[in-house]
*Asks:* 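Handing you this structure, nothing more for now.
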Amino acid sequence: MSLNSPIEWTDATWNPVRGCTKISPGCKHCYAETFAERFRGVKGHPYEQGFDLRLVPEKLTEPLLWRSPKLVFVNSMSDLFHEGVPDDYIKAVCQVMVMAKWHTFQVLTKRAERLRELLNGPLRFAAEQDHIWWGVSVENRKHGLPRIADLQAAPARVRFLSIEPLLEHLGRFDVSGVSWAIVGGESGPGARPMREEWVVSIRNQCAAARVPFFFKQWGGVRKKRTGRILQGRTHDEYPERRSAPIPERARCFAHAQEILNSLRAVLPGPLVQFTA
């Protein structure tokens with residue numbers, strides 16, 4: 001777990017899955033792939049296998065060790081709803097999140113159809129938690145707007161949109177039932193441009209619907225130089241966060257071991273034992 005994430009809208013990242021595959025234009029310059037592939041073949045490195053998809057059960061129970069409340073971005077280096085991740089493993093990730101109520105979890109996906117199906121089915125127990133925020137990526141009209149509809153059709157208590165990288169003007173779109181919107185431009189080599197009027201349109205629609213709005217960055221090749229000021233100010237709004245007591249360590253440890261044991265059928269072979 002990364003306790004001090006450089007991502008502007010979260011505190012920490014948690015990656016019980018690593019790696020992914022591209023499915024839409026927003027994936028073209030994936031920062032996670034670029035990072036992971038730098039270490040392909042480096043023996044003993046977490047990304048020795050580059051950006052190949054793999055489960056990381058030894059990381060599964062990490063949030064239960066973190067004893068101070070954090071905003072936690074789930075799978076910053078993957079997509080929890082990737083078709084290669086078994087339903088039972090996703091369920092185990094959700095069980096950890098439900099247990100660790102003193103954190104706020106941010107789950108973001110481009111596989112919105114699978115999110116909708118599972119939240120309406122076996123993950124209903126997690127969808128109804130207000131400390132778990134469920135989000136979809138929106139980069140353009142063709143791929144992004146249908147994801148919003150899928151998210152709205154899921155019984156999530158808290159829904160959010162990561163409109164990044166914003167690649168075109170989205171026009172008017174439905175934000176009903178949305179609790180938060182993040183907007184940002186693409187950064188790094190080859191970054192595609194984002195226009196101010198696209199951002200302002202989204203900000204104004206969010207303001208009219210009273211949806212908290214967070215402007216992450218203008219992006220570009222040198223994102224620090226372009227900054228994150230929009231029309232003279234920063235926009236740093238969040239949904240309301242709820243506080244919860246932290247259970248005794250022994251209870252957390254016991255629950256963590258139960259979750260690991262439940263995965264033996266999904267992941268044959270030895271599993272890392274959860275210990276104090």
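What you see is a predicted model; the values in this text were computed from it and never measured.
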*Asks:* Verify the cluster assignment for Y238 and F215: are they in a single hydrophobic cluster under the rule of side-chain heavy atoms below 4.5 Å apart?
*Replies:* no
*Asks:* Taking H82 for the side chain and T109 for the main chain, is one N or O donor matched with an acceptor at less than 3.5 Å?
*Replies:* no
*Asks:* Go through it in stages, so that I can follow the logic: the residues are F214 and V183, the test is side chain to side chain contact (heavy atoms under 4.5 Å, CB included), and I'd like the CA-CA distance, side-chain angles, deciding distance and then a yes or no.
*Replies:* CA-CA 6 Å; F214 189 103; V183 175; over 6 Å; no
*Asks:* Restricting to side chain to side chain donor-acceptor pair (under 3.5 Å), what partner residues turn up for R18, sequence neighbours left out?
*Replies:* none
*Asks:* Dump the intermediate steps for side chain to side chain contact (heavy atoms under 4.5 Å, CB included) on V74 and Q106, then the final yes or no.
*Replies:* CA-CA 6 Å; V74 181; Q106 302 157 309; 5.9 Å; no
*Asks:* Side chains of T226 and Q217 only: does a donor on one sit below 3.5 Å from an acceptor on the other?
*Replies:* no
*Asks:* Between E139 (side chain only) and G26 (backbone N and O only), is there a donor and an acceptor less than 3.5 Å apart?
*Replies:* yes
*Asks:* According to side chain to side chain donor-acceptor pair (under 3.5 Å), who are the partners of R195, at least two apart in sequence or on a separate chain?
*Replies:* E197
*Asks:* For M99 and C252, work out which heavy atoms get closest and say how close.
*Replies:* CE-CA, 4.0 Å
*Asks:* With side chains defined as the heavy atoms from C-beta onward, is the minimum distance between L55 and P86 less than 4.5 Å?
*Replies:* yes
*Asks:* Assess the residue pair H143 and N140 against the criterion (side chain to side chain contact (heavy atoms under 4.5 Å, CB included)); give the C-alpha distance rounded to whole Å, side-chain angles, the decisive distance to 0.1 Å, and a yes or no.
*Replies:* CA-CA 6 Å; H143 299 87; N140 59 17; 3.3 Å; yes
*Asks:* Please enumerate all residues that pass side chain to side chain donor-acceptor pair (under 3.5 Å) together with T234, with sequence neighbours excluded.
*Replies:* D236
*Asks:* Side-chain contact, heavy-atom cut-off 4.5 Å: L53 with T21?
*Replies:* no
*Asks:* Which heavy-atom pair separates S201 from G171 by the least distance, and what is that distance?
*Replies:* OG-O, 4.3 Å
*Asks:* Taking atom CZ as the centre, does R222 end up with more than 12 heavy-atom neighbours from other residues, nucleotides or ligands that are less than 6.0 angstrom away?
*Replies:* no
*Asks:* Determine which pairs satisfy salt bridge (charged side-chain N to carboxylate O under 4.0 Å, His left out) with at least one residue from residues 151-160, sequence neighbours left out, and list them in order.
*Replies:* none
*Asks:* Do side-chain atoms of S179 reach the backbone of F160 as a donor and acceptor pair under 3.5 angstrom?
*Replies:* no
*Asks:* Do the side chains of M97 and C94 get nearer than 4.5 Å, heavy atoms only?
*Replies:* yes
*Asks:* Any non-hydrogen side-chain atom of R147 less than 4.5 Å from a side-chain atom of R111?
*Replies:* no
*Asks:* Hydrophobic clusters here meaning ILVMFWY residues chained together by side-chain heavy-atom distances under 4.5 Å, can you tell me if V107 and V138 are in one?
*Replies:* yes
*Asks:* Considering the options D79, I182, L108, which one meets the side-chain contact (heavy atoms from CB on, under 4.5 Å) requirement together with S137?
*Replies:* L108
*Asks:* Honestly curious: do L80 and V158 fall in one hydrophobic cluster under the side-chain, below-4.5 Å linking rule?
*Replies:* no
*Asks:* Measure from the side-chain N and O atoms of Q205 to the backbone N and O of F173, and report whether any donor-acceptor pair falls under 3.5 Å.
*Replies:* yes
*Asks:* Show your working on side chain to side chain contact (heavy atoms under 4.5 Å, CB included) between L230 and R233 and close with a plain yes or no.
*Replies:* CA-CA 5 Å; L230 172 62; R233 54 163 290 199; 6.0 Å; no
*Asks:* List the atom pairs, donor and acceptor, that lie under 3.5 Å between side-chain atoms in residues 117-124 and the rest of the protein, sequence neighbours left out.
*Replies:*
residue: N120; atom: ND2; partner: R116; partner atom: O; Å: 2.9
residue: N120; atom: ND2; partner: A153; partner atom: O; Å: 3.2
residue: R124; atom: NE; partner: E128; partner atom: OE2; Å: 3.2

*Asks:* I want to check something: taking the side chain as every heavy atom from C-beta on, are V72 and T10 in contact at a cut-off of under 4.5 Å?
*Replies:* no
*Asks:* Mind checking what makes side chain to side chain donor-acceptor pair (under 3.5 Å) contact with S176, not counting sequence neighbours?
*Replies:* D174
*Asks:* Within a reach of under 6.0 Å around CD of E248, are more than 12 heavy atoms found that belong to other residues, nucleotides or ligands?
*Replies:* no
*Asks:* Less than 4.0 Å between a side-chain N and a carboxylate O, is that true for E240 and R242?
*Replies:* yes
*Asks:* Output every pair passing ring-ring contact (aromatic ring centres under 6.0 Å, His included) with a member in residues 92-118, not counting sequence neighbours, ordered by first then second residue.
*Replies:* W14-F105, W66-H103, H103-F105
*Asks:* Among residues two or more places apart or on two chains, list those pairs meeting ring-ring contact (aromatic ring centres under 6.0 Å, His included) that have a residue in residues 15-38.
*Replies:* F35-F39, F35-Y47
*Asks:* Does the side chain of E196 come within less than 4.5 Å of W218's, by heavy atoms?
*Replies:* yes
*Asks:* Please collect all side-chain hydrogen bond (donor to acceptor under 3.5 Å, both in side chains) contacts where either partner lies in residues 48-57, sequence neighbours excluded, each pair once.
*Replies:* R40-D52
*Asks:* Within the structure provided, determine whether L151 and W134 are in side-chain contact (heavy-atom separation under 4.5 Å).
*Replies:* yes
*Asks:* Using atom types as modelled and distance alone, determine if a side-chain donor or acceptor of Q257 lies under 3.5 Å from a backbone N or O of F253.
*Replies:* no
*Asks:* Are side-chain heavy atoms of L60 and V93 found at a separation under 4.5 Å?
*Replies:* yes
*Asks:* Taking only residues two or more places apart in sequence or in another chain, which ones pass side-chain contact (heavy atoms from CB on, under 4.5 Å) with P212?
*Replies:* W180, E237
*Asks:* Kindly compute the distance separating CG (D11) from OG1 (T104), expressed to the nearest 0.5 Å.
*Replies:* 9.0 Å
*Asks:* Step through it carefully: locate the ring centre of W9, locate the ring centre of F73, and say whether they are under 6.0 Å apart.
*Replies:* yes
*Asks:* Would you check if the side chain of N75 reaches a backbone N or O of V17 as a donor-acceptor pair within less than 3.5 Å?
*Replies:* yes
*Asks:* Kindly determine whether E258 and S262 satisfy side chain to side chain donor-acceptor pair (under 3.5 Å), including the steps that lead there.
*Replies:* CA-CA 6 Å; E258 290 175 4; S262 73; over 6 Å; no
*Asks:* Between V200 and L161, is there a shared hydrophobic cluster once you connect ILVMFWY residues whose side-chain heavy atoms come closer than 4.5 Å?
*Replies:* yes
*Asks:* Side-chain heavy atoms nearer than 4.5 Å, only ILVMFWY residues, links allowed to pass through others: does that put F125 and L115 together?
*Replies:* yes
*Asks:* With rounding to the nearest 0.5 Å, note down the distance linking CZ in R192 to OG in S187.
*Replies:* 11.0 Å
*Asks:* Which heavy atom of A92 sits nearest a heavy atom of I259, and at what distance?
*Replies:* CB-CG2, 3.8 Å
*Asks:* Could you note down all residue pairs passing salt bridge (charged side-chain N to carboxylate O under 4.0 Å, His left out) where residues 25-36 supplies at least one of them, sequence neighbours left out?
*Replies:* K22-E33
*Asks:* When you compare the side chains of S78 and N15, does any donor N or O come within less than 3.5 Å of an acceptor on the partner?
*Replies:* no
*Asks:* Within this structure, what is the CG-CZ distance for the pair L64 and R251, rounded to the nearest 0.5 Å?
*Replies:* 10.5 Å
*Asks:* Please evaluate residues D87 and R114 with respect to the criterion salt bridge (Lys or Arg N to Asp or Glu O under 4.0 Å), reporting the C-alpha separation (whole Å), side-chain torsions for both, the decisive distance (0.1 Å), and the verdict.
*Replies:* CA-CA 10 Å; D87 287 0; R114 192 176 185 200; 2.5 Å; yes
*Asks:* Where is the tightest heavy-atom contact between I132 and A126, given as atom of each residue plus distance?
*Replies:* CD1-O, 3.9 Å
*Asks:* Once the angle between the rings of F213 and H235 is folded into 0 to 90°, is it parallel (under 30°), tilted (30 to 60°) or perpendicular (over 60°)?
*Replies:* perpendicular
*Asks:* Identify each donor-acceptor pair in which a side-chain atom of residues 162-170 lies under 3.5 Å from a protein atom, sequence neighbours left out, and give them as a table.
*Replies:*
residue: E164; atom: OE1; partner: K216; partner atom: NZ; Å: 3.4
residue: E164; atom: OE2; partner: K216; partner atom: NZ; Å: 2.9
residue: E168; atom: OE2; partner: R141; partner atom: N; Å: 2.8

